[in-house]
A.B. asks: 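Have a look at this one.
Residue numbers start from 1 in every chain, and the chains themselves are labelled A, B, ... in the order their sequence lines are given, proteins ahead of strands. These numbers were taken from a predicted model, which means no experiment stands behind them. In what follows, every heavy atom counts, from backbone to side chain, and hydrogens, waters and symmetry copies are set aside.
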Number of protein chains: 2
Amino acid sequence: MPENSQQCSHCKNKLCMHKVPIFNNLNHEDMFKIAELIQHKNYKKGESIFSQGDNLDSIVIINEGSAKAYKYTQEGREQILYLFSEGDFFGEQYLLSKRTATYTVQTLEAVKVCTLSKEHFQKLLLQYPDMGIKIIEELGTRMFRLEHVMESMGVRNIDLRIHSLLLDYSAKYGKKVAEGVLLQLPLSREGIANYLGVARETVSRKLSQLENDGIIRSVSNKSILILNEVALEE
Amino acid sequence: MPENSQQCSHCKNKLCMHKVPIFNNLNHEDMFKIAELIQHKNYKKGESIFSQGDNLDSIVIINEGSAKAYKYTQEGREQILYLFSEGDFFGEQYLLSKRTATYTVQTLEAVKVCTLSKEHFQKLLLQYPDMGIKIIEELGTRMFRLEHVMESMGVRNIDLRIHSLLLDYSAKYGKKVAEGVLLQLPLSREGIANYLGVARETVSRKLSQLENDGIIRSVSNKSILILNEVALEE
DNA sequence: GATTATTAGTGACTGTAATCACATATTTTT
DNA sequence: AAAAATATGTGATTACAGTCACTAATAATC
């Protein structure tokens with residue numbers, strides 16, 4: 001059934017496009033046209049979508065799942081820069097300039113993505129100036145995130161840094177339950193350490209300390225219950 | 001003399017516009033039109049162009065001089081995020097979103113800027129899609145810088161961090177002389193410390209150490225001679 | 001379901017940078 | 001040019017996070 005398959009592909013594409021802020025201002029007709037240009041790919045947990053040094057030829061939009069973006073420091077430690085999830089896009093920096101990828105993006109779970117080739121992307125930007133504005137806006141948000149991370153990396157007191165991380169995650173991933181806020185950590189202890197730029201052992205110790213103080217409760221490796229959110233805010 | 005004053009204003013505006021990559025793709029006629037929309041302002045050393053929390057209504061382009069962008073960490077320390085100089089622009093993130101300024105921009109010397117109002121900027125973006133692409137490109141560069149800083153902040157070894165800073169400055173501000181590379185530091189010791197996220201005393205000590213090792217020579221507070229660049233690269 | 005691999009917690013020890021305190025230089029102001 | 005303000009260098013001490021080494025727990029694989 002050609003109609004069915006076409007409808008299905010259309011439907012799948014629409015799904016992807018509707019999740020992404022940069023396509024929001026488009027009308028039905030334009031969306032349909034652009035949907036035709038989009039390719040789909042799936043990744044297993046732990047696979048790299050692209051690696052530091054790669055030459056990219058498309059912009060990638062996450063449709064399902066999450067991924068970490070990291071680069072290696074001079075010491076050889078993995079420094080996590082971003083966590084990307086549903087609706088986030090990346091690779092746009094490499095489409096316009098000649099730069100190769102400055103970081104590696106690796107999935108944290110099974111991930112579905114939509115990709116749009118460099119040529120199509122550039123044509124779209126010229127055709128829909130609104131989209132360019134949306135992207136500038138989105139990049140503003142991304143920079144805001146990065147500046148926030150930098151600010152917190154500049155904090156010398158590691159307790160403060162872990163507290164802000166927990167509060168950030170609480171806002172993003174937390175669900176209110178009777179006893180407090182239950183949150184599903186997107187990263188392992190090592191991941192958290194690589195995000196904060198501290199040793200894995202330090203993260204373990206600080207979390208143990210918080211548990212001793214009755215501020216959090218460790219539910220499982222990847223899940224924490226925040227009992228006293230106010231204490232984290234100081 | 002109206003012609004003269006007009007020519008002069010035109011000339012001044014042209015100066016400003018020619019320094020800025022985002023206006024580079026425009027033809028003469030368009031440049032002339034846009035030049036009319038640009039306002040000029042001067043700042044003394046130490047003045048703030050805008051402050052964390054301000055509501056901005058224009059994009060600012062530096063025409064002459066330099067400035068630092070910083071925000072305060074939770075501990076009350078000043079964390080420097082960027083150094084802006086001739087040709088750099090900022091404030092574009094706040095024009096499209098409702099966000100207020102997330103950092104303060106303070107001049108490091110006398111500074112001349114050109115400003116373009118929010119309304120004009122948005123109209124230009126819709127009118128010249130090329131310009132949007134230029135800005136996306138430029139933001140990509142800015143993010144690249146920030147990611148680089150983050151990476152280096154994640155380095156635990158402070159010697160390494162100071163070494164990279166000196167190498168960065170050497171590339172940006174250094175001039176080759178007989179004995180090595182002479183560089184005019186854009187920041188004081190305290191500024192360097194606030195950029196690296198370490199104590200002022202630590203910067204002093206590390207630089208003294210480098211001087212004892214014969215790798216650098218302190219010429220004056222704001223000027224350093226790098227004698228052995230290779231040693232800094234390890 | 002057993003085995004292997006990965007991830008996490010904890011003690012002991014060490015190194016390094018922060019802090020405090022002050023002397024000295026340098027820059028700015030008057 | 002003198003005075004005031006600011007910036008820098010350095011010693012002594014302390015605190016705190018890193019490293020190493022190991023055990024325990026959890027997840028992945030066969």
Side-chain angles (χ1 to χ4, degrees), chain A residues 44-47 68 73-80 106-110 152-163 165 184-213 216-224, chain B residues 44-47 68 73-80 106-110 152-163 165 184-213 216-224:
Chain A
K44 283 183 242 166
K45 177 179 173 176
E47 279 189 294
K68 65 178 175 183
T73 67
Q74 287 170 288
E75 292 156 317
R77 198 176 57 74
E78 173 184 313
Q79 176 63 54
I80 295 178
Q106 193 180 65
T107 63
L108 293 167
E109 53 195 316
S152 85
M153 284 191 61
V155 173
R156 303 221 190 93
N157 186 316
I158 293 192
D159 292 86
L160 275 182
R161 276 154 81 174
I162 294 204
H163 293 183
L165 180 100
Q184 213 63 28
L185 294 174
L187 293 171
S188 65
R189 300 302 139 101
E190 185 154 27
I192 293 173
N194 286 337
Y195 183 74
L196 293 177
V198 301
R200 177 186 63 77
E201 293 94 324
T202 302
V203 174
S204 280
R205 276 190 251 269
K206 295 296 181 189
L207 290 178
S208 298
Q209 188 56 47
L210 285 173
E211 189 156 15
N212 283 340
D213 296 348
I216 65 168
R217 184 184 307 150
S218 183
V219 178
S220 79
N221 274 354
K222 285 262 186 166
S223 170
I224 277 179
Chain B
K44 283 181 242 166
K45 177 179 175 177
E47 278 189 293
K68 64 179 176 182
T73 66
Q74 288 170 289
E75 292 157 315
R77 199 176 58 73
E78 174 184 313
Q79 176 62 54
I80 296 178
Q106 194 181 63
T107 64
L108 292 168
E109 52 194 319
S152 83
M153 284 191 62
V155 173
R156 303 222 188 90
N157 187 316
I158 291 189
D159 293 85
L160 274 182
R161 275 155 80 174
I162 293 204
H163 294 183
L165 181 100
Q184 212 61 28
L185 295 174
L187 293 171
S188 64
R189 302 300 140 100
E190 184 154 30
I192 293 173
N194 286 337
Y195 183 74
L196 294 176
V198 301
R200 176 187 62 79
E201 293 93 325
T202 302
V203 174
S204 279
R205 276 190 251 269
K206 294 296 180 191
L207 290 178
S208 298
Q209 187 58 48
L210 286 173
E211 190 156 15
N212 284 340
D213 296 348
I216 66 169
R217 183 185 308 150
S218 184
V219 178
S220 79
N221 275 352
K222 285 262 186 165
S223 170
I224 277 179

A.B. asks: Nearest whole angstrom, please: distance from the C1' of C:dG9 to the CD1 of A:Ile192.
C.D. replies: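 It works out to 14 Å between those atoms.
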
A.B. asks: In whole Å, what is the span from the CG atom of B:Leu108 to the P atom of D:dA7?
C.D. replies: 12 Å

A.B. asks: Can any side-chain N or O of A:Thr107 pair as donor or acceptor with the backbone N or O of A:Gly46 at less than 3.5 Å?
C.D. replies: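 At least one qualifying donor-acceptor pair exists.
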
A.B. asks: Nearest whole Å is fine: how far is D:dT8 P from B:Leu185 CG?
C.D. replies: 10 Å

A.B. asks: Just by distance, do the side chain of B:Arg161 and the backbone of B:Arg156 share a donor-acceptor pair under 3.5 Å?
C.D. replies: no

A.B. asks: Would you say B:Asp213 and B:Gln209 are linked by a side-chain donor-acceptor pair, where the criterion is simply a distance under 3.5 Å?
C.D. replies: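 Judged by distance alone, the side chains do pair up.
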
A.B. asks: Is the phosphate of C:dA18, meaning OP1 or OP2, less than 4.0 Å from a side-chain N or O of A:Arg156?
C.D. replies: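 Yes, A:Arg156 has a side-chain N/O under 4.0 Å of OP1/OP2 on C:dA18.
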
A.B. asks: Find out whether A:Leu160 and B:Thr73 are in side-chain contact, i.e. whether some heavy atom of one side chain is under 4.5 Å from a heavy atom of the other.
C.D. replies: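 No. Closest side-chain heavy atoms not under 4.5 Å.
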
A.B. asks: Please assess B:Leu207 against B:Ile224 for the test side-chain contact (heavy atoms from CB on, under 4.5 Å), listing each intermediate value before the final yes or no.
C.D. replies: CA-CA 10 Å; B:Leu207 290 178; B:Ile224 277 179; 4.3 Å; yes

A.B. asks: Atom CG of A:Asp159 and atom P of D:dA15: how far apart are they, to the nearest Å?
C.D. replies: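 A:Asp159 atom CG is separated from D:dA15 atom P by 15 Å.
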
A.B. asks: Could you check how far CD1 of A:Ile162 sits from P of C:dG9, rounded to whole Å?
C.D. replies: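 After rounding, the reported distance stands at 11 Å.
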
A.B. asks: Using a 3.5 Å distance criterion without hydrogens, assess whether the side chain of B:Gln79 forms a donor-acceptor pair with backbone atoms of B:Tyr195.
C.D. replies: yes

A.B. asks: Quick one: bend of the helix from C:dG1-D:dC30 to C:dT30-D:dA1 from 5 pairs per end, to 10°?
C.D. replies: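 Roughly 70°, once rounded to the nearest ten degrees.
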
A.B. asks: Rounded to whole Å, how long is the line connecting atom CD of B:Gln209 with atom C1' of C:dA17?
C.D. replies: 14 Å

A.B. asks: Please report the interatomic distance CZ(B:Arg200) to CD(B:Glu190), rounded to the nearest 0.5 Å.
C.D. replies: 6.5 Å

A.B. asks: Is a side-chain donor or acceptor of A:Arg77 paired with a backbone partner of A:Ala199 at a separation under 3.5 angstrom?
C.D. replies: no

A.B. asks: Should B:Thr202 and B:Leu196 count as side-chain neighbours, where that means a heavy-atom distance under 4.5 Å?
C.D. replies: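 No, their side chains stay 4.5 Å or more apart.
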
A.B. asks: List, with names and distances, any nitrogen or oxygen atoms from the protein found under 3.5 Å away from nitrogen or oxygen atoms belonging to nucleotides 24-27 of chain D.
C.D. replies:
none

A.B. asks: Are A:Glu211 and A:Arg217 packed together at the side-chain level, in the sense that at least one heavy-atom pair is separated by less than 4.5 angstrom?
C.D. replies: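 Contact flag for A:Glu211/A:Arg217 side chains = yes.
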
A.B. asks: Which residues, if any, of residues 195-207 of chain B bring a heavy atom under 4.0 Å of DNA chain D?
C.D. replies: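 Going residue by residue through residues 195-207 of chain B, the ones with a heavy atom under 4.0 Å of DNA chain D turn out to be B:Arg200, B:Glu201, B:Ser204, B:Arg205.
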
A.B. asks: Once you round it to whole Å, what is the distance between C1' of D:dG18 and CG of A:Asn194?
C.D. replies: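 In whole Å, D:dG18 C1' and A:Asn194 CG are 14 Å from each other.
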
A.B. asks: When you get a sec, tell me which of D:dT8, C:dA18, D:dT19 is the closest nucleotide to the side chain of B:Ile158?
C.D. replies: C:dA18

